[in-house]
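Whatever order the structure lists ligands and atoms in, that order sets their numbers, starting from 1.
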Amino acid sequence: MELALMNLAADTARRAGDLVVDGRRSGRFRVSTKSSPTDVVTEWDSASENFIVSHIAKHRPDDGFVGEEGTSTAGTSGVSWLIDPIDGTTNFLYDLPGWAVSVAAIDTATGDTLAGVVHVPAQRETFAAARGHGSWLGGRRLHVVSSADRPEPTIGTALVATGFGYDPERRRRQGRRTAWLLPRVRDIRRFGAAAVELCHVAAGRVDAYLEDGLGAWDIAAGVLVATEAGAVASDFSGGPVRPAQVVVAHPAIHTELLDLLHSCPRDEEWPD
Ligand code: LIP
């Protein structure tokens with residue numbers, strides 16, 4: 001069941017990616033804003049979401065759907081889909097390559113992600129995972145730990161990805177946290193799409209990713225891809241990972257990264 005859901009998600013995400021790429025090439029590009037003047041949505045976000053819902057519904061008419069651009073349909077099958085039709089819309093707006101289509105199938109009874117796919121059209125890469133079966137980049141099985149390309153990271157040699165929300169006050173706090181981490185790790189990366197950054201952990205391209213204040217659609221597929229590859233996922237205190245707080249890391253550094261976050265000065269302790 002999980003593998004079938006993964007294959008359907010992969011086929012759907014690839015087709016949605018093609019639709020968005022072709023749409024952009026056509027020159028049509030209506031843009032509007034959402035939660036703040038910097039939080040944009042394009043007509044291709046909505047077109048991608050509509051396509052994903054209708055394509056999956058053709059194969060699984062009784063499933064539910066929740067999408068970033070407003071889809072919310074209850075189903076009766078016990079499976080619902082969480083969709084980010086373009087994660088990294090700012091990258092898409094600027095024609096940067098790091099945006100993705102993210103599609104996840106959720107068990108509505110338990111909330112568990114059963115399958116997840118993150119398709120990155122500009123890189124021609126499709127990350128896919130099925131709960132209990134593993135995760136893949138194209139045909140290659142992903143393993144965080146046994147990737148022999150590099151020695152295990154320590155916290156001081158860890159490459160850590162992060163992201164920043166759209167609300168200025170949240171960004172200020174996130175900036176302070178990043179300033180705290182920066183001299184204590186190898187370096188920081190900000191690629192601009194949570195789904196992609198989570199897959200970078202799975203592929204060993206970064207050692208960890210953390211962010212707060214995300215949507216469930218940003219992380220559902222990517223967290224499964226990372227954890228099925230052997231990464232450890234939690235919130236900032238070591239509890240279950242949740243969109244409000246996401247830490248996904250190579251197992252060798254997950255606890256130390258939580259300790260570092262815990263020792264970060266509280267907001268009122270920073271000089272203005
Ligand atoms: C974005 C994320 C990005 C994060 C932004 C936003 P969108 O999603 O993927 O990493 O920093 O806060 O949530 O809006 O492009 O779908």
Side-chain angles (χ1 to χ4, degrees), residues 13 16-17 20-21 24 29 31-53 65-72 81-104 116-123 125 127 159-178 181 188-202 205-206 208-226 233 236 241-249:
V20 171
V21 168
R24 189 184 181 112
F29 204 70
V31 181
S32 46
T33 57
K34 297 194 286 184
S35 64
S36 82
T38 56
D39 183 5
V40 292
V41 58
T42 74
E43 66 182 291
W44 300 110
D45 293 70
S46 311
S48 173
E49 183 160 311
N50 293 340
F51 170 79
I52 292 165
V53 172
F65 295 92
V66 174
E68 182 180 16
E69 306 315 334
T71 302
S72 181
W81 295 83
L82 255 178
I83 301 158
D84 193 338
I86 298 182
D87 186 41
T89 305
T90 305
N91 284 343
F92 180 61
L93 179 70
Y94 281 79
D95 206 12
L96 288 166
W99 58 273
V101 178
S102 176
V103 179
V117 167
V118 177
H119 175 58
V120 192
Q123 312 272 104
E125 289 190 327
F127 295 88
L159 187 60
V160 179
T162 193
F164 307 107
Y166 293 113
D167 170 59
E169 193 47 41
R170 181 183 295 281
R171 293 172 78 85
R172 198 166 62 85
R173 288 195 304 273
Q174 291 171 324
R176 287 176 166 175
R177 185 193 305 133
T178 306
L181 293 176
I188 296 285
R189 293 289 183 271
R190 193 293 200 242
F191 296 104
V196 181
E197 287 163 300
L198 288 161
C199 292
H200 285 336
V201 178
R205 294 172 180 171
V206 295
Y209 163 73
L210 63 100
E211 188 165 344
D212 64 287
L214 291 164
W217 40 75
D218 292 312
I219 65 161
V223 165
L224 187 70
V225 171
F236 289 3
V241 64
R242 51 199 170 96
Q245 289 185 351
V246 180
V247 181
V248 174

Please tell me if the side chains of [X] and [Y] come closer than 4.5 Å, counting only heavy atoms from C-beta onward.
{"X": "F65", "Y": "V53", "value": "yes"}
{"X": "I219", "Y": "E211", "value": "no"}
{"X": "T33", "Y": "Y166", "value": "no"}

Aromatic rings W99 and F92: how do their planes relate, parallel, tilted or perpendicular, breaks at 30° and 60°?
perpendicular

Anything with a heavy atom under 4.0 Å from ligand 1 counts, so go ahead and list those protein residues by chain and number.
E68, D84, I86, D87, G88, T89, G163, F164, G165, Y166, R190, G192, A193, A194, E197, E211, L214, D218

How long is the span from the CZ atom in R189 to the CG atom in L159, to the nearest 0.5 Å?
5.0 Å

Walk me through it: do D212 and R177 pass the test salt bridge (Lys or Arg N to Asp or Glu O under 4.0 Å)?
CA-CA 11 Å; D212 64 287; R177 185 193 305 133; 3.0 Å; yes

